[in-house]
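Model, not experiment: these values are computed from the prediction. Throughout, protein chains are lettered first and strands after them, A, B, ... in sequence-line order, and every chain is numbered starting at 1.
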Amino acid sequence: MTPAMARRTGARLPVDEIALLAKAQGGDADAFEQLSRPHVDRLFAVALRLVGDRVEAEDVCQETMLRAWRGIRRFRGGSTFSTWLHRIAVNEASRSLKKGARRPLPVDLRGERIQTGSTHTDEPARRAERQELRVALRMALLALPLPHRTAVVLRDIHGLSTREAAEAAGIGEAAFKSRLHDARLRLRAALGDEALTSASSRVLTPPKGGIRMAAVGLFVTLDAREGKEDDLARFLVSARPLVEQEPLTTAWFAVRLASTRFAIFDAFPNERGREAHLAGDVAAALAKRAPELLAQPPRVETLDVLADKLPA
Amino acid sequence: VTTVRPSAARNDHRWAQRHLSHYFEGDLKARARRRLERHAADCADCSRSLRAMKGLLRLLAGLDGHDQVRAPDSIFDRVRNDATASRPEPDLRGSA
């Protein structure tokens with residue numbers, strides 16, 4: 001490997017990296033691990049944002065590292081080592097999402113805690129506003145088609161150069177730029193200019209309808225079998241943790257309307273959220289228990305939210 | 001001649017809207033940058049678009065620092081298993 005290639009491998013200490021690369025290519029797994037270690041946090045973050053689920057992201061990354069290890073002798077420094085790893089991770093994420101096509105939308109972002117501590121001395125209201133905007137942004141990201149999400153994640157969130165990001169996405173730079181532009185326009189439309197300009201101008205204004213956290217909803221009527229009222233009530237209470245895991249479910253209520261009549265009312269920022277919920281764990285659990293608990297199949301009504309008041 | 005022709009202004013507007021992203025990518029030549037900025041100064045729609053796009057990009061860039069995701073230790077599990085199961089064939093071309 002030439003010094004020019006060495007510089008392109010993207011390590012802070014290219015000489016060390018070259019030595020590690022040579023060892024790894026000779027079959028030294030420890031060297032491979034040392035070589036890859038500086039990149040794994042970001043790879044995991046990218047995978048998590050692409051597939052939206054921690055367990056799946058972990059699987060994607062394990063597979064990425066395995067493929068990189070098995071293919072390490074094919075790496076010749078044509079791109080940086082980091083870009084090469086990203087390319088494999090993007091492929092693996094796409095493969096994984098296709099495999100799980102049954103589930104329409106990635107759901108689990110629990111691990112991504114929003115830090116409330118800020119280096120600025122922002123007013124609490126302003127911090128809450130930005131936090132709300134970040135939540136809406138994560139939702140909008142998950143609603144993008146995968147190629148668009150990939151472009152934004154690589155370039156705008158993780159700051160790869162256009163060239164690196166295009167390589168990692170496996171397309172030409174011009175195509176990448178137009179995809180990125182399209183993706184940004186979609187995010188902008190999803191979040192609303194008002195919310196975004198207030199984020200940019202640092203002026204304290206509450207988002208007014210820029211983000212609809214609860215735009216559409218469901219009203220599901222459940223009639224308990226005689227003698228099964230308490231079981232149905234317990235089931236509904238037990239469903240709550242499942243709903244917790246759905247980032248696109250803004251609000252969820254299980255209510256009792258009469259002695260045998262129950263209902264679920266919930267709200268979502270968009271149609272994708274509603275679909276994800278209907279294809280999610282609660283619906284599956286309910287379908288499974290329905291013959292035992294319900295006198296008749298659940299009656300599902302869709303609804304549009306006209307106005308709402310949600311907790312900050 | 002400094003009279004503003006509506007069609008030229010409309011062209012400018014369409015062009016500006018299409019190039020917002022390029023503007024922030026630094027892909028516009030100096031002349032194109034000036035054209036976009038000059039248009040945005042007179043056009044409420046485009047100046048709002050510029051601010052919105054800037055806000056979006058700032059928000060996206062900030063997401064990484066806020067979420068601070070760490071890879072789990074298990075990430076090399078399959079490599080380790082694979083390495084103990086079978087060593088990769090040596091590179092016979094020896095050009096590594």
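- Contact count against chain A (heavy-atom pairs under 4.5 Å) is highest for Ile75(B) among Asp77(B), Ile75(B), Leu20(B).
- Each of Arg155(A), Arg67(A), His181(A) has some count of heavy-atom pairs under 4.5 Å with chain B, and the biggest count is that of His181(A).
- No part of Val153(A) comes within reach of chain B, as not one of its non-hydrogen atoms sits under 4.5 angstrom from that chain.
- To the nearest 0.5 Å, the span separating CG on Leu66(A) from CG on Asn81(B) amounts to 9.0 Å.
- Heavy-atom distances place the side chain of Leu137(A), and not its backbone, under 4.5 Å from chain B.
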Let me see the working for Ser49(B) and Arg188(A) under side-chain hydrogen bond (donor to acceptor under 3.5 Å, both in side chains), right down to the final yes or no.
CA-CA 9 Å; Ser49(B) 295; Arg188(A) 191 181 136 201; 2.8 Å; yes

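- Using a 4.5 Å cut-off between heavy atoms, Thr64(A) does not touch chain B at all.
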Tell me, with the steps shown, if Arg42(A) and Leu160(A) meet side-chain contact (heavy atoms from CB on, under 4.5 Å).
CA-CA 11 Å; Arg42(A) 177 188 274 178; Leu160(A) 270 67; 3.4 Å; yes

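- In this structure, the portions of Arg37(A) lying under 4.5 Å from any heavy atom of chain B include both its backbone and its side chain.
- For Arg80(B), the part lying under 4.5 angstrom from a heavy atom of chain A is the side chain only.
- The choice from Met65(A), Glu63(A), Glu33(A) that makes the most heavy-atom pairs within less than 4.5 Å of chain B is Glu33(A).
- Under the 30°/60° scheme for interplanar angles, the aromatic rings of Trp84(A) and Phe75(A) are found to be tilted.
- Using modelled atom types, no side-chain atom of Glu173(A) and backbone atom of Thr162(A) make a donor-acceptor pair closer than 3.5 Å.
- Once rounded to the nearest 0.5 Å, the distance linking CG of Leu36(B) with CD of Gln17(B) reads 9.0 Å.
- Of the atoms belonging to Asp30(A), not a single heavy atom falls under 4.5 Å from chain B.
- Of the atoms belonging to Leu141(A), it is side-chain heavy atoms, and not backbone ones, that fall under 4.5 Å from chain B.
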Using the rule given for side-chain contact (heavy atoms from CB on, under 4.5 Å), can you reason through Leu63(B) versus Arg138(A), listing the C-alpha separation, both sets of side-chain angles and the distance that settles it, and then say yes or no?
CA-CA 9 Å; Leu63(B) 219 49; Arg138(A) 287 192 189 86; 3.9 Å; yes

